[in-house]
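As the structure lists them, so they are numbered: ligands from 1, and atoms in each ligand from 1. From a predicted model like this one, the values you see are computed outputs, not experimental measurements.
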Amino acid sequence: MKLVPGTSFIEPFSVGLDLEAAVMEDPSRVTVRKASAMRGYYADPAALERLIASGDPIHYKVYEVPVPEEYGHLMYCISELEPGLVGDEYFMTKGHYHSVVQTGEIYLCLRGEGFMVMKTADGRVVAEPMARNRMVYVPPYWAHRSVNTGTEPLVSFCIYGAEAGHNYGDIETEGFGARMLRVGGKPELRP
Ligand code: F6R
Ligand code: ZN
């Protein structure tokens, strides 16, 4: 067997995914982002500070059994975003481009209701609905952020090229171009 430089050889393995319950059974890494990790992201910073002061609740969790972050491997995760509002803005993930910007991603929604909001560096914004058994294809070059507009956790299974990496910095500086707000009790994407 000839190994290719930059792509590690590893043993095959399997992982328990309960798709009904929308959980990964034995994740070896769980990333937790609380409200306090979201400073700078919402339109109403005072509302976010009130939420942080009221106990700094968990915003979202990402469950993984990581593989080498290299070309050829496929990273996968369960992403679980709580429902809620910061002012009139629905709870969302930070959102990112991939550092290797030409890597796409697949999100299979397992539970909940919301949107995948995607943007390009030249300012196009598209929101695709997320609901149980709906799959969103995030093409190369599109930054992506999940937004929970429902009343239960929004849970998805994601798969992407493991070399992708996460570029949060560009979203921190340029924003997302649009926000998912509750207007008259319903979600509306506002520039
Ligand atoms: C990986 C990916 C998801 C997100 C997760 C949390 O490329 O898109 O696993 O990482 O939904 O969102 P962020 O990373 O934007 O905080
Ligand atoms: Zn991603």
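Ligand 1 has G95 within reach: a non-hydrogen atom of the residue lies less than 4.0 Å from it.
Only the side chain of Y107 comes within contact range of ligand 1, with a heavy atom under 4.0 Å; no backbone atom does. Within the 4.0 Å heavy-atom criterion, the part of H166 lying near ligand 1 is the side chain and not the backbone.
Considering only non-hydrogen protein atoms, atom 14 (O) of ligand 1 sits nearest to Y168 OH, 2.5 Å. The protein atom (non-hydrogen) at minimum distance from atom 11 (O) of ligand 1 is S79 OG, 2.9 Å. Of all protein heavy atoms, the one lying nearest to atom 12 (O) of ligand 1 is T93 CB, 3.5 Å. Protein heavy atom at the shortest distance from atom 9 (O) of ligand 1 is C77 SG, 3.1 Å. Ranking protein heavy atoms by distance to atom 16 (O) of ligand 1, first place goes to Y60 OH, 2.5 Å.
Those atoms of ligand 1 with a heavy atom of H144 less than 4.0 angstrom away are 8 (O).
No hydrogens or angles considered: nothing links the side chains of Y137 and E128 as a donor-acceptor pair under 3.5 Å. Donor-acceptor pairing under 3.5 Å is recorded for the side chains of H96 and H144. Counted by atom type alone, T103 and E163 present zero donor-acceptor pairs between their side chains at under 3.5 Å. Of the N and O atoms on the side chains of S99 and N167, not one donor lies less than 3.5 Å from an acceptor on the other residue.
The shortest N or O to N or O distance between V62 and ligand 1 is not under 3.5 Å. At a 3.5 angstrom cut-off on N or O pairs, H98 counts as close to ligand 1.
The Zn ion (ligand 2) lies at the vertex of an angle of 170° between the NE2 atom of H96 and the OE1 atom of E105 (rounded to 10°). Rounded to 10°, the angle formed at the Zn ion (ligand 2) by NE2 of H144 and NE2 of H98 is 100°.
With respect to E82 and K61, no salt bridge is recorded, no charged nitrogen being found less than 4.0 Å from a carboxylate O.
Because its NZ or CZ atom is both nearer than 6.0 Å to the ring centre of Y168 and within 45° of the ring axis, R33 counts as a cation-pi partner of that residue.
Results of the salt bridge (charged side-chain N to carboxylate O under 4.0 Å, His left out) test with R111 over E20, E152, E80 single out E152 as the only residue that passes.
Comparing E105, M75, E64 against atom 7 (O) of ligand 1, the shortest heavy-atom distance belongs to E105.
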